[in-house]
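What's counted below: heavy atoms across the whole structure, side chains too, no hydrogens, waters or symmetry copies.
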Amino acid sequence: MRTEDAERAEEVERDERAGARDERDTRGGRGEGVGQAGVLTAADEAKRRGLRRMKAVATGLLVVVAVVYALATWAEHSGAGAWAGYVAAAAEAGMVGALADWFAVTALFRRPLGLPIPHTAIIPTKKDQLGQSLGEFVGENFLSEQVVKDKLRSVELSRRLGDWLAVPDNADRVTAELATAVRGGLRVLRDADVQAVLSESITRRAEAQEIAPTLGRLLERTIADEGHRRLVDLLLEAAQGWLTTHRDAVLDAVAGGSPGWTPRFVDRRVGERVYRELLRFVTEAKDQPDHPARETVDRFLADFAQQLQHDPETRERVERVKNDLLNRPAVQDLIASAWGALRAMILASAEDERSALRLRARAAVLGTGGRLVSDDRLRAKLDGWVADATVHVVSGYRAQITSLITDTVAAWDAPTTSRKIELHIGRDLQFIRLNGTVIGALAGLVIHAATRALGG
């Protein structure tokens, strides 16, 4: 009884000191947050009441056993019979078990009866070592490479993701979230900044890339495929149509270039002859695939394709023309305006649930989900990427992760930490005292019975 009363008095005194310190911390602005060191939350108060009840039960059982021991011992000395010895032995062993377990439980959080007994008050005195050990335990058993890989393999992340994405409602949700993200991103960007970056990037890339060899190879392939013939046909057809409808213009051009001393009827006759020859030439070139003019055009284009690829002078001239075009204000305005058109198109498509862009995005999400469900190789590849990335992060930052535990525990106030831990596990520890009382009593009864049997 004196032991239990001393314990309760010590607890009350310690709680009063902690409460006074908490009040000072709160007044100083260091205890405002719920759950901070030195501050008991509402949940802590509930645990505190539960702990006190369990302590009262364990102490009450000890008192009952002590009373039974006293009565049984008195009965035995009074000649009540052998049964009194059995009861006294059981009660005595129950008291010993209860006191031993009280000492063990109390030694975790404080020094029993305030005595400086070695290896007591383990949590307050070994707080930092416990934090270090806990950090190492987590690092070795939860953050090891093999543990992470095994856990990710058992989760089957890619299969679960595929099953989720393959559901149409989920695909709609993902598409809507992507559309919202796209709209938000486009609205945050400043058009002037994007246009400047886009214009500068395109111009710099175009200036750095020589286009003459590429144009030469393209022209060479076009000639080999006879793709240029359609362009020649178009030009000849256009020339024939223009000559047919603009006869007077040709006659006036010829007359205007003739000497002033020639008669007008002569100029007229010459102009008509020139017009007929031009019209005949263009018509024959248009209607005859093997016309010499066409062959001349083929040779010219073939030679020009080679010059674009291999002639330094031609390539330099093309580069000058290209740079001149790029630096023209009209071309720069065209490049800048492309962003505005692209932005408007993307915004409109993102806002319209039935737009081609969102329908394609939804189909892509569903398709990805279906592939993840059916394609074992794709799932294995995705799981491998996730595992490698996770292992890389865990391996590279294991020390930082475990130091979070170690540093956090080290920053805690030792008495308050001990008190809060006791509030969380102390109620369950009181069952050790109850079990010690019961098991001790049973053990004492068995030992007493065995001693009487052997002695008899």
Hey, mind stepping through Arg273 and Glu277 against salt bridge (charged side-chain N to carboxylate O under 4.0 Å, His left out) and telling me if it holds?
CA-CA 6 Å; Arg273 179 64 182 270; Glu277 289 299 324; 3.5 Å; yes

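- A side-chain donor from one of Thr314 and Asp311 sits under 3.5 Å from a side-chain acceptor of the other.
- Distance check: Asp298 CG to Asp303 CG gives 10.5 Å after rounding to the nearest 0.5 Å.
- Around atom CZ of Arg280, more than 12 heavy atoms belonging to other residues, nucleotides or ligands sit under 6.0 Å away.
- Of all heavy-atom pairs spanning Ala176 and Arg358, the tightest one is CA-NH2, 3.6 Å.
- Side-chain contact between Ile223 and Glu220 is absent, with no heavy-atom pair separated by less than 4.5 Å.
- Nearest heavy-atom pair across Asp101 and Gly436 is OD2-CA, 2.7 Å.
- More than 12 heavy atoms of other residues, nucleotides or ligands sit less than 6.0 Å from atom CD of Gln129.
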Checking Leu61 against Leu434 for the side-chain contact (heavy atoms from CB on, under 4.5 Å) test, could you report, in this order, the C-alpha distance in whole Å, the side-chain angles of both residues, the deciding distance, and whether it holds?
CA-CA 7 Å; Leu61 182 58; Leu434 296 175; 3.8 Å; yes

Audit row: Glu422, Lys55, salt bridge (charged side-chain N to carboxylate O under 4.0 Å, His left out) steps and yes/no
CA-CA 12 Å; Glu422 184 180 11; Lys55 282 185 176 182; 3.3 Å; yes

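- When side chains are defined from C-beta on, Asn435 does not count as touching Val438, because their heavy atoms never get closer than 4.5 Å.
- The side chain to side chain contact (heavy atoms under 4.5 Å, CB included) with Glu210 is formed by just one residue from the set Glu316, Lys322, Arg315; it is Arg315.
- Partners of Phe137 under the ring-ring contact (aromatic ring centres under 6.0 Å, His included) rule, at least two apart in sequence or in another chain, are Phe142.
- With Ser355 contributing its side chain and Glu351 its backbone, the two residues share no donor-acceptor pair below 3.5 Å.
- Taking the six-membered ring wherever Trp is involved, the centroid distance between the rings of His291 and Phe281 falls below 6.0 Å.
- Using a 4.5 Å heavy-atom threshold, the side chains of Arg379 and Asp376 count as touching.
- In this structure, Trp242 and Glu237 have side chains that are not in contact, with every pair of non-hydrogen atoms separated by 4.5 Å or more.
- Atom NE2 of His424 is separated from atom NZ of Lys47 by 4.0 Å, given to the nearest 0.5 angstrom.
- Atom CG in Asp128 sits 9.5 Å away from atom OG1 in Thr406 (nearest 0.5 Å).
- Gln240 and Val282 get closest at one heavy-atom pair: N-CG1, 3.6 Å.
- In terms of modelled atom types and a separation under 3.5 Å, the side chain of Arg111 and the main chain of Ile117 share a donor-acceptor contact.
- Annotation: side chain of Asp287 is in contact with side chain of Thr283 (closest heavy-atom distance under 4.5 Å).
- A donor-acceptor distance shorter than 3.5 angstrom exists from the side chain of Asn170 to the backbone of Trp164, with no hydrogens or angles considered.
- Although no hydrogens or angles enter the test, the distance criterion places no donor-acceptor pair under 3.5 Å between the side chain of Arg48 and the main chain of Leu423.
- The distance from the CZ atom of Arg153 to the NZ atom of Lys151 is 12.5 Å, given to the nearest 0.5 Å.
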Trace of the side-chain contact (heavy atoms from CB on, under 4.5 Å) decision for Asp324 with Val321
CA-CA 5 Å; Asp324 180 65; Val321 172; 5.7 Å; no

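- With a 4.5 Å cut-off on side-chain heavy atoms, Leu372 and Leu382 count as touching.
- The structure places OG1 of Thr59 at 10.0 Å from CE of Met54, a figure rounded to the nearest 0.5 Å.
- Using modelled atom types, one side-chain atom of Ser403 and one backbone atom of Gln400 make a donor-acceptor pair closer than 3.5 Å.
- Exactly one residue among Val297, Thr296, Leu301 makes a side chain to side chain contact (heavy atoms under 4.5 Å, CB included) with Arg299. That residue is Thr296.
- For the atom pair OG (Ser349) and CZ (Arg183), the distance works out to 11.5 Å, reported to the nearest 0.5 Å.
- Side-chain N or O atoms of Glu319 include one that pairs as donor or acceptor with a backbone N or O of Ile211 at under 3.5 Å.
- In this model, no donor atom of one side chain and acceptor atom of the other lie less than 3.5 Å apart for Glu313 and Gln307.
- A donor-acceptor pair under 3.5 Å is formed between the side chain of Arg160 and the backbone N or O of Val155.
- When only modelled atom types and interatomic distance are considered, Gln430 and Arg427 share no side-chain donor-acceptor pair under 3.5 Å.
- In the displayed structure, Arg320 atom CZ is contacted under 6.0 Å by more than 12 heavy atoms of other residues, nucleotides or ligands.
- A 6.0 Å sphere centred on NE2 of His310 holds more than 12 heavy atoms belonging to other residues, nucleotides or ligands.
- Side-chain contact between Asp233 and Arg294 is present, with at least one heavy-atom pair separated by less than 4.5 Å.
- In this structure, Thr437 and Ala98 approach most closely via the heavy-atom pair OG1-CB, 3.0 Å.
- The residues Asp172 and Arg362 are annotated as salt-bridged, a charged nitrogen and a carboxylate oxygen being separated by less than 4.0 angstrom.
- Between the side chain of Thr402 and the backbone N or O of Gly135 there is no donor-acceptor pair closer than 3.5 Å.
- Put simply, the side chain of Thr120 does not reach to within 4.5 Å of the side chain of Phe109, judged on heavy atoms.
- Checked against ring-ring contact (aromatic ring centres under 6.0 Å, His included), Phe103 has no partners two or more places apart in sequence or in another chain.
- Contacts classified as salt bridge (charged side-chain N to carboxylate O under 4.0 Å, His left out) and involving residues 380-392 (residues at least two apart or in different chains) are not found.
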